[in-house]
Amino acid sequence: MLLPLQRFAFASDPERIASSRLPRPFTRPFRVPPAATRVAGPDPDTDYYVMDMVPVQANIIDGLATTMWGYNGSVPGPTIDVMQGRKTVVRQRNLLPNNHLGQPTTTSVHLHGSASLPQFDGYASDVIGQNAWKDYHYPNFQNARTLWYHDHVVHQTARNAYMGLAAMYRIFDPHERSLPLPKGRYDVPLIVRDAMFDPRGQLLYDDDDNSGLMGDVILVNGDPWPVMKVEARKYRFRICNASVSRSFRWKLDSGDPFTIIATDGGLMPAPQVVGSFRHGAAERYDVIIDFAKYAPGRRVVLRNMSNPNNIDYTNTAVVMAFDVVAAGDLSNNEVPSQLANNNDVMNLAPTQSVKTREMRVERSNSMWTINGRTWHDVIRSGYKEVFANPKLGDVEIWNLVNKSGGWFHPVHIHLVDFKVLSRNGRPPMAHEKGPKDVVYVGENETVRVIARYGPHLGKYMIHCHNLAHEDHDMMVQFEVGTGGPDPILADPAKPMPSPSGF
Ligand code: C2O
Ligand code: CU
Ligand code: CU
């Protein structure tokens, strides 16, 4: 089970395709990812799915096919929608080939945003080998939110997610459904990421000695810089930054603001109106854009103003365009001034905390570490080493400290939602005033976050979501209580063939 620490590269001296061969912005139509198709199963209160991880030929560069990896052959994968209180079981089958450097193609699937049991959380070392399968059970008791599922395998997460193993997952709940927010086709996933290509049109992986991968092509739901036809009304966009490393700073070229209604853990207490905001890898922000004042024929461009320590290219300053084509259907076209009704995490107060911990994200001896420790140390300890061991239900404050001016780190804590208390002693930014599970720890920033550790016992990962950092090797774990299910041994993957039913 102990996998070697390896530095993966698609090419040792990467040569990029000529920029003249890259697609031009706003030449492709916008698409939403397909909806996942349920299959039959025994429990009437559970939705069952089967996903095959397989190669797929994507059409990104005109005239060249790009090999990617998709859940059910789709990049991004199919969107799973579920009502709070229903369970889901997703059978994941790894039918991927060896990659072309001959490394075994193992996977692990994490549903990011779900409080799943340890053995279903995509624990990095709980791997699905080639020609193996595993059923992931998801509880969906949490409030409405935008989640995403993506690969999480030990030391190869960046490669696997970059190859396309990422998709959206939405939990709805009765309270959120009762609000007059945009719904149905006006509730739109935007999975945004970057990529770079070699002269044959294949994905190039170059993370600059593990500092980060910064591609020159921006993909939205798998397509480069698409154009979406919109009606003159409000839309809810669920923006998920699925990049390996890149962060964005959104702005509309019209100068109009975004109304942020939800963060990683669901609805904010109150909507926040912002002209621009920064968005690190793996964060989700649900924003309302109102096209009502535009006459048909008007184009609005979603721009990216970028942030320090990204590498920007000619066309990374734009992301997609909206062409207003018609007057709008005006039902469910409002943003109430109060959104979440009673969100436990947003009600947490520092006085409830029983422990304050410091977590330093830093580079040491050319490795990315958390307080000097790595996932390799966790492996070497037989998965015993933990950063923290809160009791079930304990409230703790963690100070996430980045002393470097040269890097930003989107820090993710599994299992819990947290509230951002402060950044460098000042209140959180407007767009972060909602429940979170990833926070942007920018250059020379200290971010204080508070969470209640639970509701499950067991071991869960903490890591930087710059996947090049995570893989090398900025990931540790915490354990809630003692005696929780073992993430590796409780329900390991099994060799194919999988059973024909559930
Ligand atoms: Cu989005 Cu530990 O992952
Ligand atoms: Cu997660
Ligand atoms: Cu990092």
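Order of listing sets the numbers, starting from 1, for every ligand and every atom in it.
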Does the distance from a Lys or Arg side-chain N to an Asp or Glu carboxylate O, for Arg238 and Asp187, drop under 4.0 Å?
yes
Looking at Arg145 and Glu176, is any side-chain nitrogen of the basic one under 4.0 Å from a carboxylate oxygen of the acidic one?
no
Rounded to the nearest 0.5 Å, how far does CD1 of Ile462 lie from CG of Leu415?
11.0 Å
Please name the atom of His112, limited to N, O or S, that comes nearest to atom 1 (Cu) of ligand 1.
ND1
Presence of N, O or S from His414 under 2.8 Å of atom 2 (Cu) of ligand 1
yes
Counting backbone and side-chain atoms alike, is an N, O or S atom of His150 positioned under 2.8 Å from atom 1 (Cu) of ligand 1?
yes
Can you confirm whether Lys494 is buried at NZ, in the sense that more than 12 heavy atoms of other residues, nucleotides or ligands lie under 6.0 Å from that atom?
yes
Is the distance from atom 2 (Cu) of ligand 1 to some N, O or S atom of His463 under 2.8 Å?
yes
Counting backbone and side-chain atoms alike, is an N, O or S atom of His412 positioned under 2.8 Å from atom 2 (Cu) of ligand 1?
no
Any N/O/S atom of His469 sitting less than 2.8 Å from the Cu ion (ligand 3), backbone or side chain?
yes
Using a cut-off of strictly less than 2.8 Å, determine whether His152 has an N/O/S atom near atom 1 (Cu) of ligand 1.
no
Do side-chain atoms of Arg93 reach the backbone of Val50 as a donor and acceptor pair under 3.5 angstrom?
no
Flag, side chain of Thr105 to backbone of Pro97, donor-acceptor distance under 3.5 Å
yes
Among the N/O/S atoms of His409, select the one at the shortest distance from the Cu ion (ligand 3) and name it.
ND1
